[in-house]
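Here the structure comes first, spelled out in structure tokens, and everything after it is commentary.
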Amino acid sequence: MLYKSNKDLPLDIQTRLSEAYQDLYRAAFNSAIHWYGEASKAHKVALSAVKMQSAMERNALVESLVES
């Protein structure tokens, strides 16, 4: 089951994540479903991708504040 648009994502993903993170979740999920063939694994991979991106953005923000 591939997600063609963010409107196809589960409601909790749509309501909890920004549009940009929904895009990331959808891309990661769609890639993982091809790789693993299991929706539960693909969901975990997609959430992990969102968490990693969020952490990277927080680190970049902190670094930019420290350098200022």
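With a 4.5 Å cut-off on side-chain heavy atoms, I13 and N6 do not count as touching.
Considering CZ of F29 and CG of L47, their distance stands at 10.0 Å, rounded to 0.5 Å.
Here D23 pairs with R26 under the salt bridge (charged side-chain N to carboxylate O under 4.0 Å, His left out) rule; sequence neighbours left out.
Between A28 and A49, the shortest heavy-atom distance links the atoms CB-CB, 3.9 Å. Taking every heavy atom of both residues into account, Q14 and Q22 meet most closely at O-NE2, 3.1 Å. Closest approach of A42 and A32 over heavy atoms only: CA-CB, 3.7 Å.
Clustering of Ile, Leu, Val, Met, Phe, Trp and Tyr side chains at separations under 4.5 Å places M56 together with M52.
Evaluation of the side chain to side chain donor-acceptor pair (under 3.5 Å) test over residues 29-52, restricted to residues two or more places apart or in two chains, returns Y25-H43.
Residues V45 and Y3 do not share a hydrophobic cluster, defined by chaining ILVMFWY side chains whose heavy atoms lie under 4.5 Å apart.
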